[in-house]
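Encoded as structure tokens, the structure appears first; notes follow it.
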Amino acid sequence: MASNPVDVEFVQVATTFDAVEEAEALASSAVDAQLAACAQAEGPVTSVYRWDGAVQKDKEWRVTFKTTAALADRLTEYIVREHSYDAPEVLVTPVIGGHQKYLEWVQNETQQE
């Protein structure tokens, strides 16, 4: 896992899926596990990428999770473990600001019991 290179409290974690059902299921289970306060599934998007030596083009659904920086590695591990792809995209983006009440809500909803 890549460590958090910037001193931030909140992050967004994004991944993609080839089926909306899988996207929504993982979004729900991560929020239920309090690894994220919110997860937004959107798509389809068209992804163009190189895999197994050839350029591929597929429809995918992107899920963006809102969570704390402290939970980023655990959420990444969860996504990788539960994902159907061999090498799923998981990108962690620091949140450098935002509406204070929203950020407090993210903090409260990801409190591990």
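Treat the numbers as computed from the prediction; the structure is a model and nothing was measured. Index from 1, following the sequence.
Side-chain contacts under 4.5 Å among hydrophobic residues (ILVMFWY), followed directly or transitively, place Val20 together with Trp61. Applying the 4.5 Å side-chain rule to ILVMFWY residues, one finds Val48 in the same cluster as Val55. Here Trp51 sits in one hydrophobic cluster together with Tyr49; the rule is ILVMFWY side chains under 4.5 Å apart, joined directly or through other members.
Thr76 contributes atom OG1, which lies 12.0 Å from atom NE2 of His83 (distance to the nearest 0.5 angstrom). Taking CZ from Phe17 and CD from Glu24, the interatomic distance works out to 10.5 Å, rounded to the nearest 0.5 Å.
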Return a table of donor-acceptor pairs under 3.5 angstrom between the side chains of residues 39-47 and protein atoms on other chains or two or more places apart.
unit_1, atom_1, unit_2, atom_2, d
Gln40, OE1, Lys66, NZ, 2.6
Thr46, OG1, Lys59, NZ, 2.9
Ser47, OG, Glu60, OE1, 2.4

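Residues Val11 and Ala72 come closest through the heavy atom pair CG2-CB, 4.0 Å. Nearest heavy-atom pair, Ala30 versus Leu75, reported as atom, atom and distance to 0.1 Å: CB-CD1, 4.0 Å.
Counting only distance, with no hydrogens or angles, the side chain of Gln107 and the backbone of Leu103 share no donor-acceptor pair below 3.5 Å. Thr15 contributes a side-chain N or O that, together with a main-chain N or O of Glu89, makes up a donor-acceptor pair within less than 3.5 Å. At least one donor-acceptor pair closer than 3.5 Å links the side chain of Thr67 to the backbone N or O of Leu35.
For the pair Cys38 and Val106, the minimum side-chain heavy-atom distance is 4.5 Å or more.
Checked against side chain to side chain contact (heavy atoms under 4.5 Å, CB included), Thr93 has no partners two or more places apart in sequence or in another chain. Partners of Phe65 according to the ring pair (Phe, Tyr, Trp, His ring centres under 6.0 Å) rule, which considers only residues two or more places apart in sequence or in another chain, do not exist here.
A chain of hydrophobic side-chain contacts below 4.5 Å, direct or via other Ile, Leu, Val, Met, Phe, Trp or Tyr residues, connects Val92 to Leu26. The cluster map of Ile, Leu, Val, Met, Phe, Trp and Tyr, joined by side-chain heavy atoms under 4.5 Å apart, puts Leu91 and Ile79 in different clusters. With hydrophobic clusters built from ILVMFWY side chains whose heavy atoms lie under 4.5 angstrom apart, Val31 does not share a cluster with Trp105.
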What verdict does the side-chain hydrogen bond (donor to acceptor under 3.5 Å, both in side chains) test give for Ser29 and Glu82, after you've listed the backbone C-alpha separation in whole Å, the side-chain angles of each residue and the deciding distance to 0.1 Å? CA-CA 10 Å; Ser29 66; Glu82 300 297 321; over 6 Å; no
Does Tyr85 form a side-chain hydrogen bond (donor to acceptor under 3.5 Å, both in side chains) with Thr16? I'd like the steps, not just the answer. CA-CA 9 Å; Tyr85 289 4; Thr16 56; 4.8 Å; no
